[in-house]
Amino acid sequence: MYAVMGATGQVGAVVAKSLISASQQVRVIMRNPEKAAGWKVLDAEVALADYGNAEQLAAAFAGAEGVFIMIPPNAAPSPDYSESRAYIMAIRKALESSRPAKIVYLSSIGAQRKSGAGLISALHLLEEAIDVLPTRTAALRAAYFMENYADDVAKARKTGKLQSYLQPLEHKYPMVATYDVGRAGAKLLVKPWEGHRHLEISGPRKYSPLDVTEAFSSALKKKIEPLVVPRDAWIKSFVEKGIPANKTAGLVEMLEGFNSKWIDFGVAGAEALKGSVELETVIDNLVKTIGA
């Protein structure tokens, strides 16, 4: 049996459904009981647990051959990442208690960085906590999610412009579809391996903001123009999106890390893994599913 956190999210859902499709027994771990019905229809076991409660998580992990771990994303964390630290501490205690044979967990490009990674610092803390456990572990260091552009669909459709914090526009960045990450997580859980692994998972190729703009133009069937957001306008822009001004530092630092190439793939000792889903497919799906 495999226990999966985050099954109501994009990556965790793919992990769980891929395992179910492979005729594996799955226990999905969720915080909201109202979302359990769909999983019961798929014959998945449902365990309710607060992700910050070590005892509840240990009970949810109990008896699992392998577990898929992730912490809730937080675009506006406290400066010390106290929210993520609380989740990580609870997960660590639960894993020490339940002792699954394999742990696969969602990490990020740049998670090897001890500083200068902004929001990704939370995943660095997660790696530090899990990689010292005396069991098999595999960190899925995912590239920039293609689905991050979901928030841009409505504005691009309305204004014909696509804002970019990633710059310069012609620079190509590692990106990946959440489907590819979830599939990789499911495959790792059922395969044997030893030791502590770090896998850099990206899409079939790198993409630039210009490539993203072209994908939007094709999906929306009209010309979309790229619009560079000047660095001195970032904080104002984030505040307009609902992020408190005093909690923008992590997002700013992360984007600066991408643009300076401080956050990138090619880390010594990490394994490269490429998915198959193209950016154009993801953008097209986002445009179709997000209404006008």
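Just the heavy atoms: all of them, side chains too, but no hydrogens, waters or symmetry mates, feed the values below.
Contact between Arg141 and Ala111 at its shortest, heavy atoms only, is NE-CB, 4.3 Å. What you find for Gly118 and Tyr81 is that their closest heavy atoms are O-OH, 2.8 Å. When all heavy atoms of Leu166 and Pro209 are compared, the pair lying nearest together is O-CG, 3.4 Å. Closest of all the heavy-atom pairs between Glu200 and Gly266 is OE1-N, 3.0 Å. The two residues Val287 and Val153 come nearest to each other via the heavy atoms CA-CG1, 4.2 Å. Minimum heavy-atom separation, Ile120 to Gly110: CG2-C, 3.7 Å.
Note that CG of Asp211 is 3.5 Å distant from NZ of Lys172, once rounded to the nearest 0.5 Å. The structure places CG of Leu220 at 10.5 Å from CG of Leu286, a figure rounded to the nearest 0.5 Å. With rounding to the nearest 0.5 Å, the separation of CZ in Arg92 from CE in Met89 is 9.5 Å. Separating the CG atom in Leu162 from the CG atom in Leu210 is a distance of 10.0 Å, to the nearest 0.5 Å. Interatomic distance, Leu251 CG to Met254 CE, rounded to the nearest 0.5 Å: 5.0 Å. Glu225 CD to Thr213 OG1: the interatomic distance, rounded to the nearest 0.5 Å, is 9.5 Å.
Within the 4.5 Å cutoff, side-chain heavy atoms of Lys206 are placed close to those of Pro174. You'll find the side chain of Lys155 stays beyond 4.5 Å of the side chain of Lys161, heavy atoms only. The closest side-chain heavy-atom distance from Val46 to Met30 is below 4.5 Å. When side chains are defined from C-beta on, Ile29 counts as touching Tyr51, because their heavy atoms get closer than 4.5 Å. Looking at heavy atoms from C-beta onward, Leu19 lies in side-chain contact with Val190 at the 4.5 angstrom threshold. Looking only at side-chain heavy atoms (C-beta outward), Ile91 and Ile88 stay at 4.5 Å or farther from each other. Between Lys241 and Asp151 there is no side-chain heavy-atom pair separated by less than 4.5 Å.
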Can you give me every donor-acceptor pair (side chain of residues 55-74, partner residue at least two apart or in another chain, under 3.5 Å) with its distance?
unit_1 : atom_1 : unit_2 : atom_2 : d
Gln56  : OE1    : Asp50  : N      : 2.7
Asn74  : OD1    : Ala76  : N      : 3.0

Exercise answer: donor-acceptor pairs, residues 273-282 side-chain atoms, under 3.5 Å, sequence neighbours excluded:
unit_1 : atom_1 : unit_2 : atom_2 : d
Glu278 : OE1    : Arg205 : NE     : 3.2
Glu278 : OE1    : Tyr207 : OH     : 2.4
Glu280 : OE2    : Arg205 : NH2    : 3.1

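Ser21 places a side-chain N or O within 3.5 Å of a backbone atom of Lys17 that can act as its donor or acceptor partner. The closest donor-acceptor contact from the side chain of Glu96 to the backbone of Leu133 lies at 3.5 Å or more, if one exists at all. With hydrogens and angles ignored, the 3.5 Å screen pairs no side-chain donor or acceptor of Glu271 with any backbone N or O of Arg197. Without hydrogens or angle criteria, Thr248 side chain to Ala245 main chain gives a donor-acceptor distance under 3.5 Å. No side-chain donor-acceptor contact under 3.5 Å links Ser18 to the backbone of Gly182. Under a 3.5 Å cut-off, the side chain of Lys222 and the backbone N or O of Arg157 do form a donor-acceptor pair. Looking only at distances, no side-chain donor or acceptor of Ser237 sits under 3.5 Å from a matching main-chain atom of Ala233. Checked by atom type and distance alone, the side chain of Ser217 pairs as donor or acceptor with a backbone atom of Ile224 at under 3.5 Å.
The only member of Glu127, Lys102, His196 that meets side-chain hydrogen bond (donor to acceptor under 3.5 Å, both in side chains) when paired with Thr137 is His196.
With 3.5 Å as the limit, one finds a donor-acceptor pair spanning the side chains of His198 and Asp131. Under the 3.5 Å distance criterion, with hydrogens and angles disregarded, a donor-acceptor pair is assigned to the side chains of His124 and Glu128.
With hydrophobic clusters built from ILVMFWY side chains whose heavy atoms lie under 4.5 angstrom apart, Val4 does not share a cluster with Met1. Hydrophobic clustering (ILVMFWY, side-chain heavy atoms < 4.5 Å, transitive): Met5 and Leu42 are in one cluster. Using a 4.5 Å cut-off between side-chain heavy atoms of Ile, Leu, Val, Met, Phe, Trp and Tyr, with links allowed through other members, Val212 and Leu169 fall into different hydrophobic clusters. By the rule that hydrophobic residues join a cluster once side-chain heavy atoms approach within less than 4.5 Å of another member, Val267 and Leu106 end up as members of separate clusters. Both Leu48 and Val26 belong to a common hydrophobic cluster when Ile, Leu, Val, Met, Phe, Trp and Tyr are linked at side-chain heavy-atom distances under 4.5 angstrom.
Salt bridge status for Arg85 with Asp80: absent, with no side-chain N to carboxylate O gap under 4.0 Å.
Sparse packing is recorded around NZ of Lys236, with 12 or fewer heavy atoms of other residues, nucleotides or ligands lying under 6.0 Å away. By the 6.0 Å contact criterion, NZ on Lys191 is open, its count of non-hydrogen atoms from other residues, nucleotides or ligands being 12 or less.
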Side chain to side chain contact (heavy atoms under 4.5 Å, CB included) evaluation trace for Tyr179 with Asn285: CA-CA 12 Å; Tyr179 177 83; Asn285 287 337; over 6 Å; no
Stepwise side chain to side chain contact (heavy atoms under 4.5 Å, CB included) test for Asn32 and Thr8: CA-CA 9 Å; Asn32 187 349; Thr8 57; over 6 Å; no
Test side chain to side chain contact (heavy atoms under 4.5 Å, CB included) applied to Ile235 and Val252, step by step: CA-CA 8 Å; Ile235 293 178; Val252 168; 4.3 Å; yes
Worked check of side chain to side chain contact (heavy atoms under 4.5 Å, CB included) between Val11 and Leu140: CA-CA 11 Å; Val11 174; Leu140 277 174; 5.9 Å; no
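Note: Phe238 and Tyr165 have tilted aromatic rings, judged against thresholds of 30 and 60 degrees for the angle between ring planes.
Within the structure, ring pair (Phe, Tyr, Trp, His ring centres under 6.0 Å) contacts touching residues 256-277 (residues at least two apart or in different chains) are Tyr144-Phe258.
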